[in-house]
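Structure first, commentary second.
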Amino acid sequence: MSDRISVAKTYKLYIGGAFPRSESGRSYPVTDAKGAFLANAAQGSRKDARDAVAAARKAFPGWSGATAYNRGQVLYRVAEVLEGRREQFTAEVAAAEGVAVKKAQSLVDAAIDRWVWYAGWTDKVAPVLGGANPVAGPYFSFSVPEPTGVVAVLAPQQSSLLGLVSVVAPVIATGNTAVVVSSQDRPLPAVTLSEVLATSDLPGGVVNVLTGRTAEIAPWLASHADVNALDPTGAPESTRADLERAAAGTVKRVLRVRAGEDFTREPDLARLRAFVETKTVWHPMGV
Amino acid sequence: MTMWEYAPAPESRDIANLKPTYRMFVDGQFVEGGGEPLKTVNPATEEVLAEVSTATAADVDRAVKAARRAYDRVWGRMPGAERAKYIFRIARLVQERARELAVLESLDNGKPIRESRDVDVPTAAAHFFYHAGWADKLGHAGLGPDPRPLGVAGQVIPWNFPLLMAAWKIAPALACGNTVVLKPAETTPLTALVLAEIIQQADLPPGVVNVLPGAGDVGAAVVSHPDVDKVAFTGSTDVGKTIQRQLAGTGRKLTLELGGKAANIVFDDAPLDQAVEGIVNGIFFNQGHVCCAGSRLLVQESVADELLEKLRVRVSALRVGDPLDKNTDVGAINSREQLVKIQELASSGEAEGAERWTSSCPLPDKGFFFAPTVFSNVSQAMRIAREEIFGPVLSVLTFRTPDEAVAKANNTPYGLSAGIWTEKGSRILWAAQKMRAGVVWANTFNRFDPTAPFGGYQESGFGREGGRTGLEAYLDV
């Protein structure tokens, strides 16, 4: 009896809830840490990035308008679905990052737990970051955090799954929608995560995942007038200044990157705070 | 309608203690700057008020070095409770010299004494008072257990609220343990320099606060100085973008408070007389030199004629003139340059087909004045509906449904403020939630308080000033 031939997977982009190939028709070979061929990933283009922004903008009113409770449920659902595919992610992370299975397992577990952590934050951000303002006068004044809008996320290059989850989950937990450029050399866990997102009640367009060359796609996102904020974590160091300059054209919020951020550590509120606006509402009081 | 004649009620200009020359404040001393001295002018009379020394790049460097020394040796390591006492002292000294500051502000800026006396100066004191209390409580601000200061803050402020903006910038910076190099606006340096005197009276360690008058080049030197750790800018969106570009890749923390084109939405069930007061306050307060001014009035079509009629009657009663007269409602435009800009944009409104109505109030013969002006039949595409005018010019648009009001209100790259007028509470909350703006005033307008975070969405800038949220800008978190 001959050995069974495995069914090789085709990895595509994730835009607006669908899995298209790059409109450019391009793909690029992805190898494991030792250089062995794993798959051809879609090489996203400027047009793909623009389509992803359009999808993210379209999804924004619904997602930002959903109740915090609902968003928490969806984020938790992502953890549930991810848990069910633990073995697959372990294998992909091990191949992508060249780590032992045991290490990969712990990274996947941490990624699952991170979704749970942020799921619990969705309905706590408003009371923790907002509040009533005791103004001197007969007014009721309160401040609430609101999502900034469409956030372009350049995912970390090294940490293919845990790093990715650590930068995407806080963005959508607060009601933003995201266009994510995955790790350039380790993109496959991101595509598989997209399959999890697509089956986790997350509305299409809330997270859009592009694979390809970060340095090629990032400038278009940084200068795009309909992108409100940029997380440049995964940008090559040498391009960061250019991206920030491009972002200034529309006064985008740009996350301050912490050098050598360790994604295995429990996060703080910095990434939740980075992509919220504070809205202060005033009303006179009297009878 | 006959107007009652008011007897003039002038405030005494002697109270301002105006000096012929003012010098910059560096390392605890008032010193001569290396730059060409500037003459600051009373915009209501065009007379020169004083000569003010200005900084050169070398002076900026000296001030930053002084601020760095003060940060490293004294202020950055001082216990919060001690910093607090210094800041409380400043608050008290501002209150003690309130009348002097108000008169000086009206002389230098042109704003009515009623506003400098009742709004600018008390609110400036309140900002010091509020932030003083935070200095030893930063661990409770929700930004981590022991948030650290950033270091030297470079701050550039505009001419529309010269003292108040200085307080907004300096108070939180000091409370969080940073030291400061502040550049006041070219046309309004005086109250910031008197504030420096107050800081000297409060016996702050030398170098903790430095004030460098000058033009845009001095501001550029401050924000781009390599040893400045944090930059805070309030001013135009164009300059804000330039600063963001300059700081790109440096990792330095930046907050921007930029322009706006706020919508003030009046629904058909609004209390119209109250709304008229709010609209007037929204656009004619401080001659409309307010980044969050309610410069686009959106009125529900069914009440538009009635509201416009009431509005014109009310605006006709505004008294334009001597800023030092306590009866004056609208003072002088801050500079000739600004007056020309306002005139140019108002002309564009006429050229593009909007209907112009200007108050027939008398204007003084001298000085820079612009009569309150209301444009109706304005469309969203016109420049007067899109560009910040920064003057007493209101553009009136109409809408039919609440959804249309929201869509029109949000149809701007800015997002600083918005107004909502309706008796229906549920509609207020609905509309407030839909506004993409940092401050939403419902049935009121132009309210400020140090406990209430203030700042914009989109091209109105990022970061907040005031409240717990505002501390983030000055802490390494």
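Bear in mind the structure is a predicted one, so any value in this text is a computation, not a measurement. In what follows, chains carry the letters A, B, and so on, assigned in the order in which the sequence lines appear, proteins first and then strands, with residues in each chain numbered from 1.
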If you take all heavy atoms of [X] and [Y], which pair is closest and at what distance?
X	Y	answer
A:L269	B:G142	CD1-O, 4.4 Å
A:N228	B:Q458	ND2-OE1, 4.0 Å
A:T280	B:A452	CG2-CB, 4.0 Å
B:K253	A:R256	CD-NH1, 3.8 Å
B:A248	A:E244	CB-CB, 3.5 Å

**A:W282 side, atom CH2; B:N446 side, atom CG - distance, nearest 0.5 Å** =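 Going from CH2 on A:W282 over to CG on B:N446, the span is 10.5 Å.
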
Just give me the residue among [options] that pairs up with chain A most often, heavy atom to heavy atom, under 4.5 Å.
options	value
B:G251, B:G144, B:G455, B:G461	B:G461
B:L247, B:D449, B:V477	B:D449
B:W441, B:F454, B:F445, B:Y457	B:Y457
B:L429, B:L258, B:L143	B:L143

Determine whether more than 12 heavy atoms belonging to other residues, nucleotides or ligands lie under 6.0 Å from atom [atom1] of [X].
X	atom1	answer
B:K424	NZ	no
B:R92	CZ	no
A:K58	NZ	no
A:W117	CH2	yes
B:F129	CZ	no
B:F88	CZ	yes
A:K124	NZ	yes

**Salt bridge flag under 4.0 Å for residues A:E277 and B:R436** =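 Answer for the salt bridge query: no.
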
**Request:** Taking only Lys NZ, Arg NE, NH1 and NH2, and the carboxylate oxygens of Asp or Glu, determine whether A:D242 and B:R245 approach each other closer than 4.0 Å.
**Result:**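 Answer for the salt bridge query: no.
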
Is the side chain of [X] donor-acceptor paired with the backbone N or O of [Y] at a distance under 3.5 Å, no angle test?
X	Y	answer
A:R245	B:Q246	no
A:K279	B:A432	yes
A:R273	B:T469	no
B:K241	A:G249	yes

Chain B interface, residue from [options] that has the most non-hydrogen pairs under 4.5 Å:
options	answer
A:L243, A:V128, A:D268	A:V128
A:A270, A:A136, A:P61	A:A136
A:R258, A:E146, A:R240	A:E146

Answer yes or no: is there a side-chain heavy-atom contact under 4.5 Å between [X] and [Y]?
X	Y	result
A:H283	B:I428	yes
B:R447	A:V135	no
A:V251	B:L256	yes
A:V281	B:Q433	no
A:N133	B:P453	yes
B:Q244	A:V254	yes

Is [X] in contact with chain B via its backbone, its side chain, both, or neither, using a 4.5 Å heavy-atom distance?
X	value
A:S141	side chain
A:S143	side chain
A:S64	neither

Indicate every side-chain donor-acceptor pair of residues 413-421 of chain B with a distance under 3.5 Å to a residue at least two apart or in another chain.
residue: B:S417; atom: OG; partner: B:C292; partner atom: O; Å: 2.8
residue: B:W421; atom: NE1; partner: B:N264; partner atom: OD1; Å: 2.7

